[in-house]
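Note that these values count all heavy atoms, side chains included, but never hydrogens, waters or copies made by symmetry. Proteins get letters first, then strands, A, B, ... in listed order; numbering begins at 1 in each.
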Amino acid sequence: MSQIWLIPAFPLLGFLLNGFLGKFFGTRFVSFVGPMSIGLAFLQSVVLFFEMLKTEGHRIIENLYTWMAAGSFQVNISFQVDELSGLYLLIITGVGFLIHVYSIGYMKGESGYYRFFAYLNLFVFFMLILVLGDSFLLMFVGWEGVGLCSYLLIGYYFEKHSAAEACKKAFLFNRVGDFGVLSAVLLIFLSIGSLEFNTVNAQAAAQFEYGGVLVTVITLLLFLGATGKSAQIPLYVWLPDAMEGPTPVSALIHAATMVTAGLYMVARLSHLFMLAPVTMNVIAVVGTVTALLAATIAITQTDIKRVLAYSTVSQLGYMFLAMGVGAFTAGIFHVMTHAFFKALLFLGSGSVIHAMHHEQDMMRMGALRKKLPITYLTMMAGTLAIAGIPFFSGFFSKDEILWKAFSSPLGGGVFWALGFLTAGLTSFYMFRMMYLTFHGNSRVDSHLQSHLHESPWSMTGPLMILAVLSIFGGFFGVPHALHFLPNGMELYFHDFFAKLPGEAHGSVDTEIMLMILSVVLALFGWFWARRMYSGSLEAARRLSASWRTLYDLSLNKWYVDEIYQALIVTPGRLLSTHLLWQAFDKNVIDRSVNGSGVISRGAGGLIRGLQDGVMQTYALIFAIGTLTVIWYIF
Amino acid sequence: MIPLTHILILSALLFSIGVLGVMLRRNVIVIFMSIELMLNAVNLSFIGFARSLDSMTGVVFIFFIIVVAAAEAVVGLSIILAIYRTRKSLNIDDFNLLKW
């Protein structure tokens, strides 16, 4: 018996218990129920994962009941575990469990502790619905649900103005993407007549002509949704602001799970996307540009969480680059390793912030290595992984993506070159963050200095587990060129995704050469960061002064927020105020509503005299009416 | 045996008396009794048809009507009693509040 429904049921139960009873039963109850519900879901996921591997065709579908049926159209509430959703299940519940445990320590003493865990459980529930659903509609339920939870959790400190603004921003940007998804779903329904993923994937090639307009429009709309959820150009600006939420939220939602929902959707519909080479190209270009743009912003940010936020945007760009060149396996592999090391880095930064009493500015840190040894060592593992230092997890997945970008028939040298440049920047800004935070001279306020302490076990434990995963997680997908282990990811996703439209080119020697190049660049980035930030910051200041314009552009995030403000928000507000509200709403809507009221009242005034309240008048009218009818009939 | 026509004429007369009573009388109790009169006029025509058609259906209907009328009488009289207690009047012209 498979019992897939148990997986989302546990977090839902956790949400109900925490949300309705947590306030009365207190902290101990919440700290038990919150992580426990995710832990049980994780166990069930593991069981189902192995059951799925044993099943013929690697797919378990569980039909719960028919949601809606109209003629030949039918949507079921049914859950599906296959290679893709199985892997996502393990990431969501596994990393989710660690982050829940971490939150016990991090959120200790916060008001609304139960509220936090209730939202977190609810988020995991919706995320599981998103990946388990076997149709667009069920996925869309999860899609909207995680957006809602993201909104609630970014605005967790809703009494803070910036947090309230940030959650509104995140929600609105996601709405733009949702519009794309919804339109695409309608178009798919019109052209295929089914909303089940398996049917759509199987019939896509028969229904759509290769490179046709319809399939291109559909996939572009879907990709618009993906850019909203997964923070790509043009809709990425909400993610850095989402750092207003508590740090475990940033780790879980805005790094490890929710932001990979867009990638999940693209990978899930690989057969559809593969029919639209134009869309694939757009995805690859958007991914590459986003990766580079975000990396150039990350090198000058001073808020530790913002560095990580832009790093997330950049890494998501990598994953989309992989999707765009048809390397779905490599993209999902990077989703996995990224979930490990980015959750680790965020939780590590949370540990630092916890120790620093909510100071996030790296310019007021420094030399924390001795005070926070576990945090330092684990974050170092995450940094080595994301920078692509050999044999840490990020090395394998990132180089797989870069190689595929170079060799795939959909890719090209330009994609590789920009991705390569981004890899160097990544190494630089990550080590910059590490040196600013943990090395050099202490710039910590003197009254904080004595309070510095390592975080409790509930926080360092998850850090250590994630560090182990970040170090060794890459061995699941060793590239072919380094064949000391079989490429586990390719074996696992064997025949799952759509095939490339042509042969890959490039030899093993080229692959190894490119790999060495990117390792050299990563080491160079490390070395450069160490030279500028491990001692006094004089060299860094001089450099930024001599490149003032570029430095300002990067520090101000290329003024993208300001451009959006000027191009969209301000005109939108002017239009709404003057045309829609003052002109249309007041003159047309209000007047027609009031007018219909006036007409009704006038007509009523004319005939209300008939209703005089004397019952016998009514009886008389009734009798006369009856007699008239009788007389008329006979 | 009484012919059906006679019974129906009697029934129609009783019904018309009831209708006129409801429309013309001012005392609530009398109006109420007029309503009962109309009900029983209907009962009478039921009985007449049942006899001439030699069918039990009409008789069964009468039992239903009597039961419902009894229940209705309870409710109606209670309402009248309640109105009397608050308004100290049984004149239907005093109860004309339910209007515009």
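For CH2 of A:Trp67, the number of neighbouring non-hydrogen atoms (other residues, nucleotides, ligands) closer than 6.0 Å is greater than 12. Other residues, nucleotides and ligands contribute only 12 or fewer heavy atoms inside 6.0 Å of the CD1 atom of B:Ile2. Counted within 6.0 Å of OH on A:Tyr151, heavy atoms from surrounding residues, nucleotides or ligands total 12 or fewer; the atom is thus considered open. Surrounding CZ of B:Phe61 are at most 12 heavy atoms belonging to other residues, nucleotides or ligands under 6.0 Å away.
Proximity to chain A is limited to the backbone of B:Leu24, based on heavy atoms less than 4.5 angstrom apart. Residue A:Ala619 touches chain B through both its backbone and its side chain, counting heavy-atom pairs closer than 4.5 Å.
Here the side chains of B:Asp93 and A:Val614 are in contact, with some heavy-atom distance below 4.5 Å.
With rounding to the nearest 0.5 Å, the separation of CD1 in A:Ile621 from CE in B:Met23 is 11.5 Å.
Residue pairs meeting the ring-ring contact (aromatic ring centres under 6.0 Å, His included) criterion with at least one member in residues 603-634 of chain A: none, sequence neighbours excluded.
Using modelled atom types and a 3.5 Å distance limit, the side chains of A:Gln616 and B:Arg26 yield a donor-acceptor pair.
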